[in-house]
2 protein chains.
Amino acid sequence: MEKTSRDPAMTDVARLAGVSHQTVSRVLNNHPNVREQTRLRVKAAIKELDYRPNRAARALVTGKTQLIGVVAQNSTLYGPASLLSAFEEAAGEAGFAVSVGRVKVLDRDSIAAAVERHRDQRVAGIVVIAPNSSAADALADVPAGVPLVTVDGDPDRPTPLVTVDQAMGAFEATKHLIDVGHETVWHVSGPADWFDAAGRVDGWRSALDATSAEVPPVVAADWSAASGYRAGQMLARMPEVTAVFCSNDHLALGVLRAMSERGKNVPHDVSVVGFDDVPEAAYFIPPLTTVRPDFAAVAHETLGLLLEQISDGETTRPRRTVAPTLVKRNSVAPPPR
Amino acid sequence: MEKTSRDPAMTDVARLAGVSHQTVSRVLNNHPNVREQTRLRVKAAIKELDYRPNRAARALVTGKTQLIGVVAQNSTLYGPASLLSAFEEAAGEAGFAVSVGRVKVLDRDSIAAAVERHRDQRVAGIVVIAPNSSAADALADVPAGVPLVTVDGDPDRPTPLVTVDQAMGAFEATKHLIDVGHETVWHVSGPADWFDAAGRVDGWRSALDATSAEVPPVVAADWSAASGYRAGQMLARMPEVTAVFCSNDHLALGVLRAMSERGKNVPHDVSVVGFDDVPEAAYFIPPLTTVRPDFAAVAHETLGLLLEQISDGETTRPRRTVAPTLVKRNSVAPPPR
DNA sequence: GCCGGTGATGTTAGCGATAACACCAGGTCG
DNA sequence: CGACCTGGTGTTATCGCTAACATCACCGGC
């Protein structure tokens, strides 16, 4: 009962299977030149010993780790949090572990420090979730040579980037409202320095332009339900407002509440559309029509882009967008006549 | 301009500093027997080369990684998410990286799989955030010998555990309501299989018992604002209800909305207290009196417990609770007369 | 002034994997 | 029928670090 006996190593497996450790290595790495019978013997030995390869040893000799570093804000916002989950899952499937470096604020110093920590870990690549401009600016400091993909970052920067097609989602949401008969659509926007918010403003505006609808002023808010509520209180007072597209579902929730307090019925008096499709959106009163970003797809694209850089050093098509889908529920109706 | 030149290794630093690589190692590990002057020379060389120790090599020879695995639910709930952030921060300060293994549902198989993935990574220790009974049950499968700490887990299980003192927080919240004059306090509870929820029920009940107040039936809900709203609609109809303690802030938000819709003023007609102190709580209408758990403290205790196990193999005092604090805002007042 | 102790440093031997090459049997080909 | 390939396997060197031991100068005590 030797408690201290170390974990089995490759040589232990080799001895048990009656081969050399190198053959074990070949089996593990799926090299072609191993006889089927040998392969089976080795696999049996691996199973019997509950052998697991030592990643440190492998990393030492190959010079590569199976670790991906993610830099994300210390945030509980739905979008970033979902993205992170999805990415962890995708990376896990590809045999990579994910080391998360949270950052309190997305400023230059914090991001640089997080990136440094990851480089200390010798991660194979780094993903930065950089949804606003201060974060994007910080990326200028990241030394070249480290495979890096930005998610939700600055579309105008030349780094490899994956993002939800915000403009497209906003366009479809707005178009949908116009298609059911609204003359124009008002917009409650997220913080101006967030690319997501900016993209949604763009999409909204171009949908209005495309149909020559009048473009009302943007109602600026942050992402919170509270600010949506304040925006909604204002909009509820204006009889000409029949349709509102909100930059996220929480804002929409606030608008919904404000409308209901002022006796406006959604959707019959005012239609409301959100963005994100948070889990609760289907349980809002009324269930919210909203735009659903495909976080799993974003995660997969991100991982793909990163793995390309890791193996080739280069990458084709370094910018990828993922199309969101409009989820129709009960918060949209034709305008009152 | 040799792009391919490998990263500097310890011998490179040694050569530049005119010492042996072992001396460099000693400097890096803060061994006492190095002359100050030598230490400075080595540090200068490290800086000049931007040398960073190869963790894989170190892990290989020491048999230990600087990685901690966390198993957490794929969740955006405030409590777990905050805890995770706090833990990542604490671990980072201690020089550990954190590898997160998300799990979709907290069942036996998923948790076992996540633990296996972490063991493949040869993590130094594992933290499981196991806030409900199915998760806690799954821990029975984790093989002994892996340093493991449970957070928010089953208080009745003998494994090392760190948790917020839910009962104490609930006790204080309830006591506060009674102290300002309420005859009794109603409780809107979280899901029964969550330990947090159960602990809060216990604390509430014992505060009532301590003052011989009548114990009304528990109003069961999940964690969502929607369920809090439904509970609130019921409570608002009952004139004898003057004080409500909610198991989290989202429930409280729902109750607040239901009260306001029925024309009940908070705090003058009904007092409401929450739990969690989510960032928005101060912006609720009215600003919410609530119980703030100290997630940073939980994270530090967890890390401490884990590091003890990692180094000693054993641990003293394997159960730790962290006291929350009552944050008084404007949702509590004496009952109407 | 020799001896043992001590502080500062160097030397050597692995940790557990992969890469590169060596080797050997058996088949192919001129 | 010997040179040559080729699939299957073993041998050896190596990655970058730490542990353990070796070395050496210098100290104080008897």
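Hydrogens, waters and symmetry mates are skipped; everything else that's a heavy atom, side chains included, is used. Please read these numbers as outputs of a predicted model, since none were measured by experiment.
Candidate nucleotides D:dT11, C:dT12, C:dG10 were compared by shortest atom distance to the side chain of B:His21, and C:dT12 ranks first. In this structure, the nucleotide among C:dT11, D:dG16, D:dT11 sitting nearest to the side chain of A:Gln22 is D:dT11.
One interatomic measurement links the two molecules: CZ of A:Arg15 to C1' of D:dG10, which rounds to 16 Å at whole-angstrom precision. When rounded to the nearest whole Å, the span between CD of A:Gln37 and P of D:dG8 equals 12 Å. Counting to the nearest Å, the C1' atom of D:dG16 and the CG atom of B:Leu28 are 12 Å from each other. Between the C1' atom of C:dG26 and the CZ atom of A:Arg35 lies a distance of 13 Å, rounded to the nearest Å. Taking atom CZ of residue A:Arg39 and atom P of nucleotide D:dT9, one finds them 10 Å apart after rounding to whole Å. Put simply, CG on B:Asn29 is 13 Å from C1' on D:dG16, counting in whole angstrom units. Between the CZ atom of A:Arg41 and the C1' atom of D:dG8 there is a distance of 12 Å, given to the nearest Å.
Checking B:Met10 against B:Arg26, the closest nucleotide of DNA chain D that is more toward the 5' end is the one next to B:Met10.
Contact between the side-chain N/O atoms of B:Thr23 and the OP1/OP2 oxygens of C:dG10 is found at a separation under 4.0 Å. Contact annotation: B:Ser25 side-chain N/O to D:dT18 OP1/OP2 distance is under 4.0 Å.
Residues from residues 49-62 of chain A lying near DNA chain C, meaning a heavy-atom separation below 4.0 Å, are A:Tyr51, A:Pro53, A:Asn54, A:Ala57, A:Arg58, A:Leu60, A:Val61, A:Thr62 in numerical order.
Under 4.0 Å is where a charged nitrogen must lie from a carboxylate oxygen, and between A:Arg122 and A:Asp120 no such pair does. Between B:Arg319 and B:Glu301, none of the side-chain N atoms (NZ, or NE/NH1/NH2) sits under 4.0 Å from a carboxylate O, so this pair counts as no salt bridge. Salt-bridge annotation for B:Arg157 and B:Asp137: present, with a side-chain N of the basic residue lying under 4.0 Å from a carboxylate O of the acidic one.
At least one side-chain heavy atom of A:Phe87 sits under 4.5 Å from a side-chain heavy atom of A:Leu303. Side-chain contact between B:Val71 and B:Val127 is absent, with no heavy-atom pair separated by less than 4.5 Å. A:Asn33 places none of its side-chain heavy atoms less than 4.5 Å from the side chain of A:Arg26. A:Leu67 has its side chain out of reach of A:Phe96: every pair of non-hydrogen atoms, C-beta onward, lies at least 4.5 Å apart.
Counting any heavy atom pair closer than 4.0 Å across all strands shown, B:Ser20 reaches a base atom.
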